[in-house]
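In what follows, a structure is listed as structure tokens, so that the remarks can point back to it.
Please read these numbers as outputs of a predicted model, since none were measured by experiment. Scope of the values below: all heavy atoms of this structure, side chains included, with no hydrogens, waters or symmetry mates.
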Amino acid sequence: MDTLWDDIEKLSAVCRAAGAHLPDEELKSLQVGKVAEEAGEAMHALHGLKGLTTCGDDHAWPEVQNDLVGAVIAALLAMHYIDPAGARATFDEIFHRRTRRGREAAAA
């Protein structure tokens with residue numbers, strides 16, 4: 001069975017092939033921007049869920065979740081674009097550091 005990172009590597013290869021005509025630094029920048037776009041779509045869906053859009057869009061929690069997963073995938077792809085060989089280890093290191101307080105609180 002493939003792991004999340006195995007799937008990210010495969011998706012990255014497909015996306016890089018599609019953007020082969022662009023310089024590497026531009027691909028990285030565009031992928032970081034994709035994270036913001038996907039997060040914005042999640043926020044739009046949340047606004048629609050709360051009846052706060054002017055365009056009459058109705059949304060539900062599954063749509064918010066779908067867009068959040070899109071943001072996570074975009075973020076993992078961006079990390080892989082930036083450092084294909086080290087993305088997993090960098091993610092693990094940052095995740096461990098940023099969740100320290102939660103682990104400490106759960107242990108107390």
Side-chain angles (χ1 to χ4, degrees):
M1 178 177 4
D2 290 341
T3 68
L4 173 66
W5 279 105
D6 293 333
D7 289 338
I8 291 297
E9 288 177 8
K10 291 173 186 174
L11 186 55
S12 178
V14 171
C15 293
R16 280 185 175 277
H21 61 287
L22 298 171
D24 190 55
E25 287 300 309
E26 188 171 348
L27 280 174
K28 291 176 188 177
S29 299
L30 289 170
Q31 190 59 40
V32 170
K34 184 68 174 169
V35 177
E37 177 193 350
E38 292 290 341
E41 289 178 11
M43 196 67 215
H44 177 78
L46 180 60
H47 282 201
L49 175 77
K50 298 297 182 178
L52 299 174
T53 61
T54 57
C55 56
D57 287 350
D58 290 333
H59 294 278
W61 282 114
E63 292 171 87
V64 175
Q65 290 175 308
N66 181 65
D67 292 331
L68 288 171
V69 171
V72 169
I73 293 168
L76 294 176
L77 278 171
M79 289 190 69
H80 191 267
Y81 275 29
I82 291 166
D83 182 10
R88 292 179 192 211
T90 300
F91 178 87
D92 289 344
E93 174 194 329
I94 293 168
F95 185 82
H96 185 78
R97 183 179 71 239
R98 293 189 67 154
T99 59
R100 177 184 54 84
R101 280 192 237 156
R103 288 191 314 275
E104 290 171 354

Hey, quick one: are Val64 and Val72 part of the same hydrophobic cluster, counting side-chain heavy atoms closer than 4.5 Å, chains of contacts allowed?
-> no
SG/Cys15 to NZ/Lys34 distance, rounded to the nearest 0.5 angstrom?
-> 9.5 Å
Just how far is it from atom CG of Leu76 to atom CD1 of Ile8, taken to the nearest 0.5 Å?
-> 4.5 Å
Connected to Ile94, directly or through other members, by ILVMFWY side-chain contacts below 4.5 Å are none
Criterion side-chain hydrogen bond (donor to acceptor under 3.5 Å, both in side chains) on Ser12 and His80, from CA distance to verdict | CA-CA 7 Å; Ser12 178; His80 191 267; 2.9 Å; yes
Would you call Tyr81 and Val32 a side-chain contact if the rule is heavy atoms closer than 4.5 Å?
-> no
Shortest non-hydrogen separation from Ala42 to Leu68 and the atoms involved = CB-CD2, 3.8 Å
Is the count of non-hydrogen atoms from other residues, nucleotides or ligands lying under 6.0 Å from Arg98 atom CZ greater than 12?
-> no
Short side-chain to backbone donor-acceptor contact, Thr3 and Asp6, under 3.5 Å = yes
Minimal non-hydrogen separation, Ala39 against Ala71, with atom names | N-CB, 3.9 Å
Verify same cluster id: Phe91, Ile82 (apolar side-chain graph, 4.5 Å) = no
Interatomic distance, CG@Leu22 vs CG@Leu30, rounded to 0.5 Å, equals 6.5 Å
Does the side-chain hydrogen bond (donor to acceptor under 3.5 Å, both in side chains) test come out yes or no for Arg103 and His96, once each step is laid out?
-> CA-CA 9 Å; Arg103 288 191 314 275; His96 185 78; 3.1 Å; yes
Which pairs, with at least one residue in residues 42-55 and sequence neighbours excluded, count as a salt bridge (Lys or Arg N to Asp or Glu O under 4.0 Å)?
-> none
When every non-hydrogen atom of Val35 is compared with those of Ala78, the smallest separation belongs to CG2-CB, 4.4 Å
side-chain contact (heavy atoms from CB on, under 4.5 Å) between Arg88 and Glu9, worked out = CA-CA 10 Å; Arg88 292 179 192 211; Glu9 288 177 8; 3.2 Å; yes
Co-membership, hydrophobic cluster, residues Val69 and Leu11, 4.5 Å side-chain = yes
Can you check side-chain contact (heavy atoms from CB on, under 4.5 Å) on Phe95 and Asp92, steps first, answer last?
-> CA-CA 5 Å; Phe95 185 82; Asp92 289 344; 5.6 Å; no
Given the rule in the salt bridge (Lys or Arg N to Asp or Glu O under 4.0 Å) test, do Glu25 and Lys28 qualify, once you have shown the distances and angles that lead to the verdict?
-> CA-CA 5 Å; Glu25 287 300 309; Lys28 291 176 188 177; 3.1 Å; yes
Quick one: does Gln31's side chain have a donor or acceptor within less than 3.5 Å of a partner on Leu77's backbone?
-> no
Does anything in residues 50-74 pair up under ring pair (Phe, Tyr, Trp, His ring centres under 6.0 Å), and if so which pairs, sequence neighbours excluded?
-> His44-His59
